[in-house]
Number of protein chains: 2
Amino acid sequence: MAERRGGRVTIKDIAERAGVSKGAVSYALNGRPGVSDDTRDRIVAIANELGWYPNRAARALSAARVDACGLVLARPARTLALEPFFMEFISGVESEFASHSIALTLQLVRDPHEEIAVYRRWFGEHRVDGVLVVDLRLDDPRVDELVRLGLPAVVVGGPVEGGVLPAIWHDEGSVVNEAIRYLAALGHTRVAHVTGVDTFVHTRQRVEAFRRAVRELGLEGDTVETDYSAQSGARATRKLLSSPSPPTAILFDSDLLAVTGLGIAQQMGFSVPDDVSIVGWDDSLISQVVHPPLTAITRDITAFGVAAARHLLDVVEGRAAGDVEMTRGELTTRGSTAPRVPSIAR
Amino acid sequence: MAERRGGRVTIKDIAERAGVSKGAVSYALNGRPGVSDDTRDRIVAIANELGWYPNRAARALSAARVDACGLVLARPARTLALEPFFMEFISGVESEFASHSIALTLQLVRDPHEEIAVYRRWFGEHRVDGVLVVDLRLDDPRVDELVRLGLPAVVVGGPVEGGVLPAIWHDEGSVVNEAIRYLAALGHTRVAHVTGVDTFVHTRQRVEAFRRAVRELGLEGDTVETDYSAQSGARATRKLLSSPSPPTAILFDSDLLAVTGLGIAQQMGFSVPDDVSIVGWDDSLISQVVHPPLTAITRDITAFGVAAARHLLDVVEGRAAGDVEMTRGELTTRGSTAPRVPSIAR
DNA sequence: CTGCATCACTTAACCGGTAAAGAGCATACT
DNA sequence: AGTATGCTCTTTACCGGTTAAGTGATGCAG
């Protein structure tokens, strides 16, 4: 084998073997006109035989594309590890990228400030063709920076003010509404909402929907904010349940929060679901393996990842922009929710 | 601003601004001799002002490095999402890579066969400088392929037969030994081990250590294999606990398995830890938030990721090869283990 | 005053692809 | 016959860096 640098096969090797020029090889392997079918077949056969793959760096240098997209996660590692959402989302993103031979470049950072620095670097280095931005915040500085750079991006989790970047999100409101109506139908009048980070747009959407539903149904409804960490979830649950008139049903904004809340409730002597009903979010197996299994808001996160990735590829190729609103999740009822037991019980 | 393609600043722009040649700019920005200090300072100042970053593709084409490393995960997405190990590991890997401006390219695949195809492509495309290989198997075909390709790699999870690839792993055996001795000291005589995938090297190590400890201590000790999925964990637990003389203590090979096992045990009417003690592995918050919190084998997974990444960078740069054995984990005791209640109780 | 380093830079080739422009030849048309 | 057209392939420039080799100018020793 005529192998060169690092054992890699280049189109030059193929050209020599086929007795044609580099240009002809390039035309042949890219399926473009300019070579006869005979020559093309011969070249393709040689390429396969030698196990040729296009050198990505070389291609990126002339073509504008690097065939890689990026995802930056700015949540604490410990939270990420426990939040099944991200791995499922990534797996959806991956499967879409893989079928287009696009690489996923992942980076974990500590805060949005670092995240912006990563975008600047990635753009300057031409490391990625585009990025997926998660956990959209109100007045998100990342949006301005991405627009300024001109780095193609799709924002996951809420429409962007002014529509300056294409976005994709779930209808969070109507499923919150469904969950609260379900709890009300079970007889609960004091409900609570343990939310995620308050400045995230999807948190706002959920909180607003929660407040609206509570108002419309004439319930009492507290809201407690967390930073998605287990500790803050434990604190929030403890605070709610130690109030003089604790809620009889709690909606949690993530699996991790819900499972933590369940543990705290049980530890405080509350029986779930007899004393307090619990509803989780992002129904993962964790919700199902705990005891009792959790009623939860289910959505197809992998499909969400697929859709986000596809949208980004469209944006990168200039095929489309605009926003995509995915169908809302569903409420899956399990053992952690039950009709409210009249207060004589306690 | 003299900006060109896609708004990116190139050394040509800097050269024009500074009134020098491209070569001089390259020398200046790479801290190599060949330019005066004055000129260097001027060039660096201009580069900073224009926000220049080296185009990675261009650099990769001449230098041999692409400054990216890869990680392929060949477990089902649903399992991955729930297994905190991987995200924690990735976060460790990431933090080490990030401090060297190395990108992490992640790919999820269905099986080792696809994984090999990814390595071939990555190597041919020159997408990565090296890879981290997880879940080492006996007679792992990936090892042969990586050796054949000459793609730098570090194997995570057990030494490679023949030492053909550098590896990094934990001492799994001695911590298993510690856990079983602890259970024996609590009075347990019938113990069980719910393992992961049997062909993984680290599973073998654990199983051997378990069998040795059981033999040495004169215990009865069943081993049941799973594929790490929650379903198979549930099945394994059900099988063990429905035997005529069920074990009074079970060691699970992962958090997910342990939590699932806990749920099944409780569902079957076993009290944990009174009827059966449970020990988990990879002590994540999940183990801590369930009820009772799980006794578990703890190890610093993030540090493991850091060490693996650092070892890979050494290998890529030809600085080192060889194997690294990390310190073993520790047993953290919590509420899921207790002294054995004499069998009169049941 | 010559000879020879040394310094500070420029020139040019190269990495491995892409793609526009050109060249040689056969066929088709007027 | 002359020329236009089309096809197939080659030549060449280019992407944005790196780097070996080359060039003037300066300094300094003999």
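Within every chain, numbering begins at 1; the chains are lettered A, B, ... in the order of the sequence lines, protein sequences first and strands thereafter.
In this model, a donor atom of one side chain and an acceptor atom of the other lie less than 3.5 Å apart for Arg59(A) and Asn30(A).
Ile14(A) has its CD1 atom 18 Å from the C1' atom of dT10(D), to the nearest Å. Per the geometry, CZ belonging to Arg65(A) stands 15 Å off C1' belonging to dG17(C), to the nearest Å. Rounded to whole angstrom, the span from the CG atom of Leu29(A) across to the P atom of dG16(C) amounts to 15 Å. Distance Glu16(A) CD to dT10(D) C1': 15 Å, rounded to the nearest Å.
Aromatic ring pairs are classed by plane angle as parallel below 30°, tilted from 30° to 60° and perpendicular above 60°; the pair Phe85(B) and Phe89(B) is parallel.
Listed here is the closest heavy atom pair of Leu312(B) and Cys69(B): CD2-SG, 3.7 Å. Contact detail for Leu136(B) and Pro159(B): the closest heavy-atom pair is CD2-O, 3.6 Å.
Geometric assessment of Arg8(A) against the ring of Phe123(B) yields a positive cation-pi assignment under the 6.0 Å and 45° thresholds.
In this structure, His113(A) places its NE2 atom where only 12 or fewer heavy-atom neighbours from other residues, nucleotides or ligands lie under 6.0 Å away. Within 6.0 Å of CZ in Arg110(A) there are 12 or fewer heavy atoms belonging to other residues, nucleotides or ligands.
Annotation: the terminal axes of the helix from dC1(C)-dG30(D) to dT30(C)-dA1(D) meet at 60°, where each axis is the rotation carrying the C1' atoms of four end pairs onto the next four (5 pairs per end, rounded to 10°).
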Check nucleotides 17-20 of chain D against the protein and report each pair of N or O atoms closer than 3.5 Å, with its distance, or say if there are none.
from	atom 1	to	atom 2	distance (Å)
dG17(D)	OP1	Trp52(B)	NE1	3.2
dG17(D)	OP2	Ile11(B)	N	2.8
dG17(D)	N7	Lys22(B)	NZ	2.9
dG17(D)	O6	Lys22(B)	NZ	3.2
dT18(D)	OP1	Asn30(B)	ND2	3.3
dT18(D)	OP1	Arg59(B)	NE	2.8
dT18(D)	OP1	Arg59(B)	NH2	2.9
dT18(D)	OP2	Ser26(B)	OG	2.6
dT18(D)	OP2	Asn30(B)	ND2	3.0
dT18(D)	O4'	Ser62(B)	OG	3.2
dA20(D)	N7	Tyr27(B)	OH	3.4
dA20(D)	N6	Tyr27(B)	OH	3.1

>> Could you go through Leu29(A) and Ile14(A), starting from their C-alpha distance and side-chain angles, then the distance that decides it, and tell me whether this counts as side chain to side chain contact (heavy atoms under 4.5 Å, CB included)?
In response: CA-CA 10 Å; Leu29(A) 294 173; Ile14(A) 298 174; 4.2 Å; yes
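Nucleic acid contact class of Ser36(B) (heavy atoms, under 4.0 Å, all strands): sugar-phosphate only.
Arg42(A) contributes a side-chain N or O that, together with a main-chain N or O of Ala18(A), makes up a donor-acceptor pair within less than 3.5 Å.
Once rounded to the nearest 0.5 Å, the distance linking CD of Gln107(A) with CG of Leu104(B) reads 8.5 Å. Atom CZ in Phe86(B) sits 13.5 Å away from atom OG in Ser91(B) (nearest 0.5 Å).
Sorted by residue number, the list of members of residues 97-104 of chain B with any non-hydrogen atom under 4.0 Å from DNA chain C is empty.
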